[in-house]
Amino acid sequence: MGYTVEKISGNQVKITFEIAADKFDAAMQKAYLKVRGQVNVQGFRKGKAPRKLIESMYGEAIFYDDAFDVVFPEAYEAAVTGENIQVVDRPEVDTVDQIGSGKDLKFSVKVFVKPDVELGQYKEISATKYVHTVTEEEVSARIDQDAEKATTMEDVEGRALENGDIATLDYAGSVDGVAFAGGTAENQTLEIGSGHFIPGFEEQMVGMNVGEEKDLTVTFPTEYHAQDLAGKEAVFHVKLHGIQVKVKPELNDDFAADVSEFDTFDAYKADIEKQLKERAEKNADVELENTLVQSATDAADCDIPNQMIEDELDIMVRELQMRMMYQGIRYEDYLKFTGQTEEQVREMYRVEAQNRVKMQLVLDAIAKAENVEVSEEDVENAVKEEAERAGRDVEDFKKSLSERQMEYLKGNAVIRKVVDLIVATAKVEVKDEAERLTASDAAKAVEEVVEAAETEEKKKPRKRTTKKAAEEKTEE
């Protein structure tokens with residue numbers, strides 16, 4: 001058996017095979033043993049007709065397809081493995097130059113492969129790193145979150161219900177004297193002034209005393225989710241069982257000791273500020289990495305086989321299905337709710353899928369161009385990071401990994417080094433995030449001015465050309 005490999009484009013190769021006659025004859029015999037049970041020959045029980053008789057009736061070509069299927073897998077695997085061809089699609093038979101008993105089988109196939117990548121600029125890319133400046137208001141808001149968690153509820157006695165109180169109540173709603181689904185509940189809690197109930201409901205409860213009952217008349221919004229109630233007037237009979245108020249802790253050293261590892265409020269607050277700054281810096285680093293990698297991807301050129309994009313779309317659809325499952329939604333119901341077919345979902349993700357594939361190809365090409373290699377320590381770090389993400393013990397996680405999974409993590413370590421290289425060589429200007437917002441607002445303002453000018457221009461009467469005016473003057 002022999003073969004030759006010819007590259008016919010950046011993403012496709014042609015493999016020409018020649019398989020010895022004796023090997024193909026053996027395959028023909030296997031094909032006969034399979035086919036003879038599928039044909040009827042008068043005078044013979046099914047599956048007992050001689051090969052020569054079947055060939056005389058149907059021609060020996062009746063065995064070609066099955067014989068080909070016998071010899072092809074081994075020959076193809078040998079060529080792909082021997083030449084380290086990274087195929088990304090199923091091969092298609094291009095030509096069959098010679099086939100038949102007593103003859104060498106000669107044929108060729110074409111197959112799409114991992115494409116060549118023509119790299120553009122991936123070093124010394126100019127980019128801006130925008131870092132968010134943490135404000136005092138953000139620190140206070142973060143402290144308020146902890147204070148909210150430490151907030152307790154206290155019963156109120158001796159006064160009527162006020163805005164901001166937490167009411168415990170029963171209610172029963174009706175429209176034209178008829179109760180409606182979902183309009184009745186007991187011992188419900190409601191923060192007065194929160195706007196969680198129908199407009200007017202909470203306002204009319206203000207001033208009620210514990211034990212008091214009252215009818216509240218409200219009108220459902222015209223855009224209400226239950227169409228049978230939208231815009232209708234309803235009466236809710238309510239009974240107030242209790243009043244509570246939120247008691248927030250004082251922001252002092254005791255509070256800090258309760259909600260953190262710090263003994264003083266100042267130390268606790270300083271740590272909150274530090275956390276927010278570290279998060280802002282990390283977010284800026286991630287955004288910068290994404291920007292630089294995308295720039296390197298956009299600068300490169302490659303002809304991506306469609307099958308690679310389809311495979312990536314398969315992954316993205318599975319990711320969507322998993323997200324839906326975690327939310328308790330069946331994928332079929334998601335399609336029904338959104339009025340989409342699966343094909344429409346795939347088309348929605350197609351551009352992103354193509355970018356994902358190209359980005360991976362570019363990063364792989366950079367790794368090859370830069371001879372990027374990873375040490376055992378790099379792989380160990382990749383395993384550790386993955387174990388931490390999964391909340392697993394590092395050693396136990398490592399033991400559970402298959403050889404294929406270890407290769408995947410090794411590949412991730414290579415990509416990490418490539419990204420670090422792109423970032424390390426980049427020409428980065430650091431700016432406050434507010435500058436980007438200002439620039440964005442300025443650009444938007446310019447667009448609005450241009451758009452307004454174009455609109456005014458369209459309103460003006462169109463002037464006649466000199467030639468046209470002269471022609472009309474002559475006619476007069």
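Nothing fancy with the numbering, it's 1 onward along the sequence. Below, each value reflects all heavy atoms present in this structure, side chains not excepted, and no hydrogens, waters or symmetry copies.
Taking the centre of each ring, Phe107 and Phe68 come in below the 6.0 Å mark.
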Hey, mind stepping through Asp378 and Lys410 against salt bridge (Lys or Arg N to Asp or Glu O under 4.0 Å) and telling me if it holds? CA-CA 8 Å; Asp378 293 326; Lys410 183 178 179 180; over 6 Å; no
For side chain to side chain contact (heavy atoms under 4.5 Å, CB included), just list the numbers for Leu361 and Met308, CA-CA rounded to whole Å, side-chain angles, deciding distance to a tenth of an Å, and then say yes or no. CA-CA 11 Å; Leu361 290 169; Met308 293 187 76; 4.0 Å; yes
Candidate pair Glu433 and Arg436, rule salt bridge (Lys or Arg N to Asp or Glu O under 4.0 Å), full reasoning: CA-CA 5 Å; Glu433 188 180 44; Arg436 171 168 57 180; 3.5 Å; yes
Stepwise, does the side chain to side chain contact (heavy atoms under 4.5 Å, CB included) test hold for Glu281 with Val131? CA-CA 6 Å; Glu281 186 71 26; Val131 183; 3.8 Å; yes
Using the rule given for salt bridge (Lys or Arg N to Asp or Glu O under 4.0 Å), can you reason through Lys14 versus Asp94, listing the C-alpha separation, both sets of side-chain angles and the distance that settles it, and then say yes or no? CA-CA 8 Å; Lys14 178 179 179 180; Asp94 182 40; 3.6 Å; yes
Could you check Glu386 against Arg392 for salt bridge (Lys or Arg N to Asp or Glu O under 4.0 Å), going step by step and ending with a plain yes or no? CA-CA 9 Å; Glu386 196 66 26; Arg392 299 270 302 276; over 6 Å; no
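Contact check for His132 versus Glu138: side-chain heavy atoms found under the 4.5 Å cut-off. Here the side chains of Lys103 and Ile99 are not in contact, with every heavy-atom distance at 4.5 Å or above. The closest side-chain heavy-atom distance from Phe265 to Leu251 is below 4.5 Å. Within the 4.5 Å cutoff, the side chain of Leu401 has no heavy atoms near those of the Tyr408 side chain. At a threshold of 4.5 Å between non-hydrogen side-chain atoms, the residues Phe112 and Val87 do not count as touching. Within the 4.5 Å cutoff, side-chain heavy atoms of Glu6 are placed close to those of Ile8. Contact annotation: the side chain of Ser295 never approaches that of Tyr122 to less than 4.5 Å [non-hydrogen atoms, C-beta and beyond]. Proximity of Leu288 to Leu292: side-chain heavy atoms (C-beta onward) are separated by under 4.5 Å at one or more points.
Ser375 and Glu377 are not linked by any side-chain donor-acceptor pair at a separation below 3.5 angstrom, with hydrogens and angles left out of the test. Residues Gln294 and Asp298 bring a donor and an acceptor atom of their side chains to less than 3.5 Å of each other. A donor-acceptor pair shorter than 3.5 Å cannot be found between the side chains of Tyr334 and Gln327. In this structure, a donor-acceptor pair under 3.5 Å is absent between the side chains of Asn381 and Glu385. Between the side chains of Thr264 and Asp266, no donor-acceptor pair is found at a separation under 3.5 Å. Judged purely by distance below 3.5 Å, without hydrogens or angles, the side chains of His196 and Glu202 never pair a donor atom with an acceptor atom. With no hydrogens or angles considered, a side-chain donor-acceptor pair links Asp146 and Tyr268 at under 3.5 Å. Using a 3.5 Å distance cut-off with no hydrogens or angles, the side chains of Asp25 and Gln29 do not pair a donor with an acceptor. Thr425 and Glu124 form no side-chain donor-acceptor contact under 3.5 Å, judged by distance and modelled atom types alone.
Electrostatic pairing of Asp420 and Arg416 counts as a salt bridge here, judged by a charged N lying under 4.0 Å from a carboxylate O. Salt bridge Asp285/Lys129: present, at least one basic N to carboxylate O contact under 4.0 Å. Ion pairing between a basic and an acidic side chain is recognised when a charged N comes within 4.0 Å of a carboxylate O; Arg346 and Glu310 show such pairing. A salt bridge links Arg350 with Glu347: at least one charged nitrogen is closer than 4.0 Å to a carboxylate oxygen. Electrostatic pairing of Lys123 and Glu370 counts as a salt bridge here, judged by a charged N lying under 4.0 Å from a carboxylate O. The pair Glu273-Arg142 does not count as a salt bridge, with every side-chain nitrogen at least 4.0 angstrom from each carboxylate oxygen. The residues Lys417 and Glu373 are annotated as not salt-bridged, no charged nitrogen and carboxylate oxygen being separated by less than 4.0 angstrom.
For Glu352, the CD atom counts as densely surrounded, since its 6.0 Å shell holds more than 12 non-hydrogen atoms of other residues, nucleotides or ligands. Heavy-atom contacts from other residues, nucleotides or ligands closer than 6.0 Å to CD of Glu278 number more than 12. Within 6.0 Å of the CD atom in Gln227, the count of heavy atoms belonging to other residues, nucleotides or ligands does not exceed 12. Counting heavy-atom neighbours within 6.0 Å of Lys274 NZ, excluding the residue itself, gives a total of 12 or less. Within 6.0 Å of NZ on Lys7 lie more than 12 heavy atoms contributed by other residues, nucleotides or ligands. Surrounding CZ of Arg389 are more than 12 heavy atoms belonging to other residues, nucleotides or ligands, all under 6.0 Å away. In Asp65, the CG atom is not crowded: 12 or fewer heavy atoms of neighbouring residues, nucleotides or ligands sit closer than 6.0 Å.
If you run side chain to side chain donor-acceptor pair (under 3.5 Å) between Glu312 and each of Arg356, Gln307, Gln354, only Arg356 comes through. Each of Glu342, Arg323, Lys336 was compared with Tyr331 under the side chain to side chain contact (heavy atoms under 4.5 Å, CB included) criterion, and only Glu342 meets it.
A distance-only check finds no donor-acceptor pair linking the side chain of Thr95 to the backbone of Asp97 [under 3.5 Å]. Looking at Ser194, its side chain never comes within 3.5 Å of a backbone N or O of Leu190 through a donor-acceptor pair. Side-chain atoms of Gln360 do not come within 3.5 Å of backbone N or O of Val357 as any donor-acceptor pair. Here the side chain of Ser400 pairs a donor or acceptor atom with the backbone of Phe397 at under 3.5 angstrom. Side chain of Asp303 to backbone of Gly10: no donor-acceptor contact under 3.5 angstrom is found. Glu191 places no side-chain N or O within 3.5 Å of a backbone atom of Asp165 that could act as its donor or acceptor partner.
Nearest heavy atoms, Gln344 versus Gly339: OE1-O, 3.8 Å. For Val111 against Asp89, the heavy-atom pair with the smallest separation is CG2-O, 3.3 Å. In plain terms, the two heavy atoms of Glu250 and Phe255 that are nearest each other are O-CB, 3.1 Å. Contact detail for Lys358 and Ile304: the closest heavy-atom pair is CB-CD1, 3.7 Å. In plain terms, the two heavy atoms of Ala31 and Ala67 that are nearest each other are CB-N, 3.7 Å. Residues Lys23 and Val71 come closest through the heavy atom pair O-CG1, 4.2 Å.
Between Phe220 and Tyr224, the ring-plane angle classifies as tilted under the 30° and 60° cut-offs.
To the nearest 0.5 angstrom, Lys110 atom NZ is 9.0 Å from Ser9 atom OG. Note that OH of Tyr130 is 9.0 Å distant from CD of Glu287, once rounded to the nearest 0.5 Å. Atoms CG and CD1, from Leu421 and Ile366 in turn, are 8.0 Å apart once rounded to the nearest 0.5 Å. Atom OG in Ser101 sits 6.0 Å away from atom OH in Tyr64 (nearest 0.5 Å).
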